Amino acid sequence: MSAPLAKFKTVLLGDTSVGKTSIVTRFMYDNFDKTYQATIGIDFLSKSLHLSDRTVRLQLWDTAGQERFRSLIPSYIRDSSVAVVVYDITNRATFLNADKWISDVRNERGDDVVIMLVGNKTDLSDKRQVSVEDGEEKAKRDGLLFIECSAKAGFNVKSLFRKLAESLPGGEGGEENRANGSSVSTANGSNGKGGMVDIKLSAAPANLDDAGSCAC
Ligand SMILES: Nc1nc2c(ncn2[C@@H]2O[C@H](COP(=O)(O)OP(=O)(O)OP(=O)(O)O)[C@@H](O)[C@H]2O)c(=O)[nH]1
Ligand SMILES: [Mg+2]
């Protein structure tokens, strides 16, 4: 019997207009819309990623950054083993606020989560207010994965999700992570869920050696 498909609940967080929905849209449909349509509440999308040694399914919760939806978000953070915290490299305030999103995740999940920090909109390099080094430093300090991307240009968006998936337990990276104290438990067992298992992490695999390598 083939191994059940590992699925990871992944929440996208960050201030309004940083490009969370645009990143997901680029990843799912390879599309970009330059008109802003605020996310209302939370959107759900799901996609399988075929890695060299396995397939993982990412269940993506695209949250609304607007203040009026803030009360909805904690329960999605609580339920997710992966968090993608996005800021806009042309807006320093969104980078500073990333600290708040990261601490919301830590408060709910402790170390039982993989967090990726993402600086979006690299196509707007003439308006840059946050350097690559600033992003790398924050990621290193807080034990996060890090990447910069452009949803508009389609730059590094696939890499973002691939890098994330590769860091999750179950593959070669996962073996390494388990050696560092993480473990995998199959919360729902492997039956009755369409051959899928929920993966829980018992410690964050802080893959710091790789953290800065995709910030190009
Ligand atoms: N130039 C540029 N614009 C982008 C990029 N990504 C998103 N945008 C634009 O930024 C605006 C906001 O993008 P969204 O993806 O809706 O932002 P969001 O984070 O989902 O916003 P909320 O749903 O309100 O939380 C839109 O006008 C997008 O077209 C990018 O990589 N480059
Ligand atoms: Mg949105």
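All residue numbers in this chain count up from 1 along the given sequence. Small disclaimer: the values here were computed from a predicted structure and weren't measured. When reading the values below, keep in mind they use all heavy atoms of this one structure, side chains included, and skip hydrogens, waters and symmetry mates. Just follow the structure's listing: the first ligand is 1, and inside any ligand the first atom is 1.
- The side-chain tip of K138 does not point at the ring of F146 from less than 6.0 angstrom away and within 45° of straight on.
- In this structure, the side chain of R162 does not engage the main chain of L51 through any donor-acceptor pair within 3.5 Å.
- With hydrogens and angles disregarded, a donor-acceptor distance shorter than 3.5 Å links the side chain of N107 to the backbone of S103.
- No side-chain N or O of Y76 forms a donor-acceptor pair with one of T10 less than 3.5 Å apart.
- A donor-acceptor pair under 3.5 Å is formed between the side chain of K20 and the backbone N or O of G14.
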Please tabulate, one line per pair, the protein nitrogen or oxygen atoms found under 3.5 angstrom from a nitrogen or oxygen of ligand 1, with distances to 0.1 Å, or say none if there are no such pairs.
| from | atom 1 | to | atom 2 | distance (Å) |
| --- | --- | --- | --- | --- |
| ligand 1 | 1 (N) | D123 | OD2 | 2.9 |
| ligand 1 | 6 (N) | N120 | ND2 | 3.1 |
| ligand 1 | 10 (O) | K121 | NZ | 3.1 |
| ligand 1 | 15 (O) | T21 | N | 3.4 |
| ligand 1 | 15 (O) | S22 | N | 2.8 |
| ligand 1 | 15 (O) | S22 | OG | 2.6 |
| ligand 1 | 17 (O) | G19 | N | 3.2 |
| ligand 1 | 19 (O) | V18 | N | 3.3 |
| ligand 1 | 19 (O) | G19 | N | 3.0 |
| ligand 1 | 19 (O) | K20 | N | 2.9 |
| ligand 1 | 19 (O) | K20 | NZ | 2.8 |
| ligand 1 | 20 (O) | T21 | N | 3.0 |
| ligand 1 | 20 (O) | T21 | OG1 | 2.9 |
| ligand 1 | 21 (O) | S17 | N | 2.9 |
| ligand 1 | 23 (O) | T39 | N | 2.9 |
| ligand 1 | 23 (O) | T39 | OG1 | 2.9 |
| ligand 1 | 24 (O) | T16 | OG1 | 2.6 |
| ligand 1 | 24 (O) | Y36 | OH | 2.4 |
| ligand 1 | 25 (O) | K20 | NZ | 2.7 |
| ligand 1 | 25 (O) | G65 | N | 2.7 |
| ligand 1 | 27 (O) | K34 | O | 3.0 |
| ligand 1 | 29 (O) | D33 | O | 2.8 |
| ligand 1 | 29 (O) | K34 | O | 3.3 |
| ligand 1 | 31 (O) | N120 | OD1 | 3.3 |
| ligand 1 | 31 (O) | D123 | OD1 | 3.4 |
| ligand 1 | 31 (O) | S150 | OG | 3.4 |
| ligand 1 | 31 (O) | A151 | N | 3.0 |
| ligand 1 | 31 (O) | K152 | N | 3.1 |
| ligand 1 | 32 (N) | D123 | OD1 | 2.7 |
| ligand 1 | 32 (N) | D123 | OD2 | 3.4 |

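- Residues L164 and L145 meet the side-chain proximity criterion, which asks for heavy atoms closer than 4.5 Å.
- Across T94, N91, N97, a single residue satisfies side chain to side chain donor-acceptor pair (under 3.5 Å) together with D15, and that is N97.
- K47 forms no cation-pi arrangement with F161, by the criterion of a distance under 6.0 Å to the ring centre and an angle within 45° of the ring axis.
- Panel detail: the Mg ion (ligand 2) has protein N, O or S atoms under 2.8 Å away, 2 in number.
- Following chains of ILVMFWY side-chain contacts shorter than 4.5 Å, one cannot reach V157 starting from F32, and the two form parts of different hydrophobic clusters.
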